[in-house]
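Presented below is the structure to which this report refers.
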Amino acid sequence: MTRQAQSFDIFDPHFLGWQKHEQAELGGIANALVGGRPVSSKTLRARAYRKLGMAGAYGLSHAQKAAVSKALNTINPDIVLAHFGWTAIAVAQALPKNLPLVLHVHGRDASALLTEPSYRAALQRVLPKLSGAIVVGQHQLDRLAPLGLPSNTDVIPCGAPLALFAQRPIPKQSSASSDKPVRFISVGRLSEEKGMRETLSAFEQVLKSVPDSELVLVGFGPLAAQLEQDIHEKGLGTKVRLTGRLTPEQIADELSMSHVYLQHSRTYQGWCEGFGVTLTEAGAAGLPLLASASGGLMDQIEFGENGFLFPESDVAAQADLMIKLAQDPELRLSLGTNARRLAGRFDSSLMANKLEQFLLQTLEGNAK
C-alpha cells in the first residue's frame, strides 16, 4: 500500500484504518484512524448471523457506522480504495452518497474466506455498490465472478520493487561438477500454505542425484521449529540453511548468491496464493523459477522461458525439475536471463501507475 501510494502522481493519497501496527512504515503518507475494530464476531448477534450464514455477521453497529462516516468526511476523499474484501464490506455501510468505492482483493479475502457463508453473503451484498474492483490474479476473477463482479474490473498485481533485486549481475551458473554447489533458495512464510516442508522433501530426493547441492530457506513462521527438527532428523544440517527473518536488502543478497528459485505454494484450508511477490523478486535477480501451479503463480511463469510449473503437493515432480536444472547450467542461465526480462512486467511502480489510471478513469466515469 505504501509503495502504491508513494508512486501516485495524480492523487493525493490518505490512509484510513481502524488500527495502526506499531511497525507500520507509511512513508510520510497522511493517515487517520477510525478507531476500534470494524466488526466484532463476539457479540450474540454476530455469532447468530454467522451460524446462519447471513451477511449480518459483518454488520456495523450504529456507533461504528458513525465513526467511519466521520473519518471519511474529515478526509473528504474523491474516491475510496478498500484493500481486502472485509474492508469494503465495512466501508460500504457508512459510505457517503455518490462517493465511488473500489475493492482491491489480495489473497485470503478472495479464497479461504469465500468458504465462509456469512462472509460470502456479505461480499455478494457489497459488490453491486462498487464502482470498480481490482484483483491481483486471473484465478481471483474465476472465484469472484459467480458473486457478480462489476463490469469495471481489472487484474493489477501489487508487483515488487525490482530495482533493488535487479541491480546485481545475473548469477553465474557453473556446472554441478564444479567446486561450487548448486544452491536452491525459497523465500516465504514458514507455514503450511507455502509448502516449505514439501520443498525440503524434494531437496532430499535431489541430493541422491546431485549430492553437491544446497538449499536456503528464507523466512519465519509457525513451522520454523518443525523445519529445524526435520533438517536435524534427515541429517541435512550441512546442506540446508534456515535464515530466519531478513530485510529486503539481505534477501536480495541471498538471491544473488543462489542459482534456482523455488516456490511450492499450496491451496490450504481454502487459501490460495494471490500473487507471488517473491517469485517476481527472484526473477528480477536473474534466477530460473520453479513454482507450483497455484493461484497467481501461474500468471508469472512462462513455461520453458523463465521457469517451469509443477502440480501442487507433487514432491516428485518438483524434485525432477530441480535435478533437471541442477544438471544443466546453460538452461539455468537462459531461464534466469529471461526471468529478469519478464519480471519487468510486474515492477511495483508500473503496477501502481496502472492502478492510479484505473482509479482516475473510474472517478471520471462515475462523474458522467
Side-chain angles (χ1 to χ4, degrees), residues 1-11 13 15 25-29 81 83 102 104-107 132-141 153-171 185-188 218-219 246-256 258 260-263 265 273-291 294-303 305-307 309 333-362:
M1 289 172 58
T2 302
R3 286 199 298 265
Q4 287 176 340
Q6 289 178 322
S7 297
F8 283 178
D9 294 321
I10 301 170
F11 287 100
F15 289 145
E25 296 290 341
L26 302 184
I29 304 297
L81 176 64
H83 285 275
V102 173
H104 194 321
V105 298
H106 291 271
I134 298 294
V135 300
V136 298
Q138 181 65 38
H139 67 290
Q140 292 180 337
L141 284 178
T153 296
D154 202 356
V155 180
I156 307 177
C158 295
L162 301 188
L164 171 63
F165 296 90
Q167 63 183 349
R168 297 164 177 78
I170 291 176
I185 186 171
S186 185
V187 182
V218 179
L246 297 182
T247 66
E249 290 75 17
Q250 291 172 323
I251 292 173
D253 286 337
E254 290 285 354
L255 291 171
S256 71
S258 301
V260 179
Y261 183 76
L262 310 171
Q263 184 156 346
S265 295
E273 189 76 64
F275 176 80
V277 173
T278 55
L279 195 66
T280 289
E281 292 172 347
L287 295 183
L289 309 174
L290 293 184
S294 177
L297 304 184
M298 293 185 287
D299 296 340
Q300 298 169 261
I301 299 289
E302 298 290 337
F303 200 85
E305 282 289 314
N306 60 348
L309 293 167
L333 181 59
S334 173
L335 293 173
T337 301
N338 289 334
R340 172 167 287 184
R341 173 177 57 82
L342 291 172
R345 299 171 297 171
F346 302 115
D347 185 72
S348 56
S349 60
L350 179 65
M351 297 296 95
N353 178 261
K354 186 176 180 180
L355 173 62
E356 186 173 38
Q357 290 301 315
F358 179 91
L359 294 174
L360 180 63
Q361 292 168 10
T362 299

Sequence neighbours left out, what passes side-chain hydrogen bond (donor to acceptor under 3.5 Å, both in side chains) with Glu356? Give chain and number order. none
Mind checking whether Leu287 and Val260 have side chains closer than 4.5 Å, heavy atoms only? no
Shortest non-hydrogen contact between Leu355 and Phe8, atoms and distance: CD2-CZ, 4.0 Å
Between Arg340 (side chain only) and Ala284 (backbone N and O only), is there a donor and an acceptor less than 3.5 Å apart? yes
Any idea which heavy atoms bring Pro13 and Ala5 closest together, and the distance? CG-O, 3.6 Å
Minimum heavy-atom separation for Met351 to Cys158, with atom names? CB-O, 3.9 Å
Are Leu333 and Ile170 close enough that some pair of their side-chain heavy atoms sits under 4.5 Å apart? yes
Summary of salt bridge (charged side-chain N to carboxylate O under 4.0 Å, His left out) pairs that have at least one residue in residues 156-169, sequence neighbours excluded: Arg168-Asp253
Taking all heavy atoms of Ser186 and all of Leu262, pick out the closest pair and write down the distance. OG-O, 2.9 Å
Distance (rounded to the nearest 0.5 Å) between Leu141 CG and Thr153 OG1: 7.0 Å
Tell me, please, which residues at least two apart from His83 pass ring-ring contact (aromatic ring centres under 6.0 Å, His included). His104, His106
Is the closest basic N to carboxylate O distance between Glu302 and Arg341 below 4.0 Å? no
Which atom of Asn306 lies closest to which atom of Ala339, heavy atoms considered: CB-CA, 3.6 Å
To the nearest 0.5 Å, how far apart are CG in Leu289 and CG in Leu297? 10.0 Å
Rounded to the nearest 0.5 angstrom, the OG1-CD distance for Thr362 and Gln357 is 10.5 Å
Lys354 vs Asp154, test: side chain to side chain contact (heavy atoms under 4.5 Å, CB included). Steps then yes/no. CA-CA 10 Å; Lys354 186 176 180 180; Asp154 202 356; 3.6 Å; yes
Main-chain N/O of Asp299 paired with His139 side-chain donor or acceptor, under 3.5 Å: no
Give a yes or no on whether the backbone of Gly276 and the side-chain of Gln300 come within a donor-acceptor separation of less than 3.5 Å. yes
Stepwise side chain to side chain contact (heavy atoms under 4.5 Å, CB included) check, Ile185 with Val218: CA-CA 8 Å; Ile185 186 171; Val218 179; 4.1 Å; yes
Donor-acceptor contact below 3.5 Å, side chain Ser265 vs main chain Ser294: no
Within 6.0 angstrom of Glu25 CD, more than 12 heavy atoms from elsewhere: no
Rounded distance (nearest 0.5 Å) linking atom CG of Leu309 with atom CD1 of Ile301: 5.5 Å
Rounded distance [0.5 Å steps], CD in Gln4 versus OG in Ser349: 11.5 Å
Indicate yes or no: at least one non-hydrogen side-chain atom of Thr278 is less than 4.5 angstrom from one of Ile251. no
Check whether any side-chain N or O of Gln250 sits under 3.5 Å from a backbone N or O of Leu246 as a donor-acceptor pair, and report yes or no. no
Take Ser7 and Asn353, measure what side chain to side chain contact (heavy atoms under 4.5 Å, CB included) needs, and give me the verdict at the end. CA-CA 7 Å; Ser7 297; Asn353 178 261; over 6 Å; no
I'd like to know if the side chain of Asn338 and the backbone of Glu305 have a donor-acceptor N/O pair within less than 3.5 Å. yes
Student check: side-chain heavy atoms of Phe346 and Leu162 closer than 4.5 Å: no
Just by modelled atom types, is the Val155 backbone N or O under 3.5 Å from a matching donor or acceptor in the Gln138 side chain? no
Side chains of Tyr261 and Leu290: does their closest heavy-atom pair fall under 4.5 Å? no
In terms of heavy-atom contacts, Phe358 and Ala133 come closest through CZ-O, 3.7 Å
Spatial distance of atom OG1 (Thr280) from atom CZ (Phe275) [nearest 0.5 Å]: 3.5 Å
